[in-house]
Amino acid sequence: QCEEAAYEERRYPAGKWACVTKGEPMYEQSISMSFMKLMRYICKENSVGCYLGMTVPVLNEIHLTKEGTELEREVVTAYYLPGEFQQNPPVPTDPEVRITERAPLRVITRVFYGMTTEETILREISLFWELLGSTDTVLRETYIVAVYENPSIPQRRNEIWFICRA
């Protein structure tokens, strides 16, 4: 049997990210509005006044409600600054775009394809828990949706990340 691995563990180094936090009524609205702000920062609305270059994945950090049945409204959308800007990130002109240093991250990740809606994300989280079984090595309230391709691509590649405890 030569099946694709169900999930994999990865480590990411610490680094600087441009982030926008939104809490719109729908998940899709939050990530769309945040991504537009990040794109304006990437394209020109920054202290160096030039295109910074695109990196992938773009991360959407989400939190589940206490019941675990729906997403909290607030979503953090994050873009990793290219290597040449890691030491000295260009300052955003939009005050809603903030530069943050994120700690090293260890995640267990699983690929899924298509649109990312609250419904699809909740389904992917549920499926992933079924695969993993009972474990307390990952957080239960915070997850990351990693997006690798343009949202207009119908079967775009995404990942759900379970964050490993320190």
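Side chains included, hydrogens not; waters and symmetry mates left out as well; all remaining heavy atoms used.
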Subject >> Flag side-chain contact, heavy atom, 4.5 Å: N150 against R156 >> reply: no
Original post:
Do the rings of Y79 and Y41 sit parallel, tilted or perpendicular, given the 30° and 60° boundaries?
Top reply: perpendicular
Original post:
Would you say the side chain of V76 lies within less than 4.5 Å of the side chain of L59, judging by non-hydrogen atoms?
Top reply: no
Original post:
Which pair of heavy atoms, one from W129 and one from L139, lies closest together, and at what distance?
Top reply: CZ2-O, 4.1 Å
Original post:
Are any non-hydrogen side-chain atoms of C164 and V138 less than 4.5 angstrom apart?
Top reply: yes
Subject >> Min side-chain heavy-atom separation L127-I160 under 4.5 Å >> reply: no
Original post:
Is there a path from M36 to Y51 through hydrophobic residues (I, L, V, M, F, W, Y) whose side chains come within less than 4.5 Å of each other?
Top reply: no
Original post:
Would you say M115 has more than 12 foreign heavy atoms packed within less than 6.0 Å of its CE?
Top reply: no
Subject >> Rounded distance [0.5 Å steps], NE2 in H63 versus CD in E141 >> reply: 8.5 Å
Subject >> V75 vs T21, side chain to side chain contact (heavy atoms under 4.5 Å, CB included): CA-CA, chis, key distance, verdict >> reply: CA-CA 6 Å; V75 180; T21 303; over 6 Å; no
Original post:
Would V91 end up clustered with F85 when hydrophobic side chains under 4.5 Å apart are linked, directly or stepwise?
Top reply: no
Original post:
Which value, rounded to the nearest 0.5 Å, describes the distance between F112 atom CZ and R123 atom CZ?
Top reply: 9.0 Å
Original post:
Are V111 and V56 co-members of a hydrophobic cluster defined by side-chain heavy atoms under 4.5 Å apart?
Top reply: no
Subject >> Heavy-atom side-chain contact between E70 and E118 under 4.5 Å >> reply: yes
Original post:
Any side-chain heavy atom of L81 sitting closer than 4.5 Å to one from Q86?
Top reply: yes
Original post:
Which of these passes side-chain hydrogen bond (donor to acceptor under 3.5 Å, both in side chains) with N60: N158, T77, T116?
Top reply: T77
**OP:** For atom CD of E72, decide whether the heavy atoms of other residues, nucleotides or ligands shown that lie under 6.0 angstrom number more than 12.
**Re:** yes
Original post:
Side chain of E28, backbone of T117: donor and acceptor closer than 3.5 Å?
Top reply: no
Subject >> Residues, nucleotides or ligands: over 12 heavy atoms within 6.0 Å of E84 CD >> reply: yes
Subject >> Nearest-0.5 Å distance, CG of residue N88 to OG of residue S47 >> reply: 7.5 Å
Original post:
So L122 and T69, side chain to side chain contact (heavy atoms under 4.5 Å, CB included) or not? Walk me through it.
Top reply: CA-CA 8 Å; L122 289 170; T69 54; over 6 Å; no
Original post:
If you look at every heavy atom in L38 and C19, which pair is closest and at what distance?
Top reply: CD2-N, 4.2 Å
Subject >> Heavy-atom pair of closest approach, residues K16 and Y80 >> reply: O-CD1, 3.9 Å
Original post:
Taking atom NZ of K22 and atom CD of E74, what is their separation to the nearest 0.5 Å?
Top reply: 10.5 Å
**OP:** May I ask you to check whether over 12 heavy atoms, not counting those of R165, lie within 6.0 Å of atom CZ?
**Re:** yes
**OP:** May I have the step-by-step check of side chain to side chain contact (heavy atoms under 4.5 Å, CB included) for R157 and Y113, ending in yes or no?
**Re:** CA-CA 5 Å; R157 177 175 174 240; Y113 296 91; 3.8 Å; yes
Subject >> Any side-chain donor near an acceptor of the partner, W17 and T100, under 3.5 Å >> reply: no
Original post:
For K37 and D94, which heavy atoms make the closest approach, and how far apart are they?
Top reply: NZ-OD2, 2.8 Å
Subject >> Cluster link F35 to I31, ILVMFWY, side chain under 4.5 Å >> reply: no
Original post:
Where the side chain of T109 meets the backbone of W161, is there a donor-acceptor pair that is under 3.5 Å apart?
Top reply: no
Original post:
Under 3.5 Å, is there a donor-acceptor pair linking the side chains of R40 and T93?
Top reply: no
**OP:** Keeping to residues at least two apart or across chains, list the ring-ring contact (aromatic ring centres under 6.0 Å, His included) pairs with something in residues 135-159.
**Re:** Y143-F162
**OP:** For M26 and R73, work out which heavy atoms get closest and say how close.
**Re:** CA-NH1, 3.9 Å
Original post:
Are any non-hydrogen side-chain atoms of Y27 and V145 less than 4.5 angstrom apart?
Top reply: yes
Original post:
Do the side chains of P90 and L52 get nearer than 4.5 Å, heavy atoms only?
Top reply: yes
Original post:
Is it the case that one hydrophobic cluster holds both M33 and L71, taking links as side-chain heavy atoms less than 4.5 Å apart, direct or via other members?
Top reply: no
Original post:
What's the shortest heavy-atom distance between I163 and L105, and which atoms?
Top reply: CG2-CD1, 3.8 Å
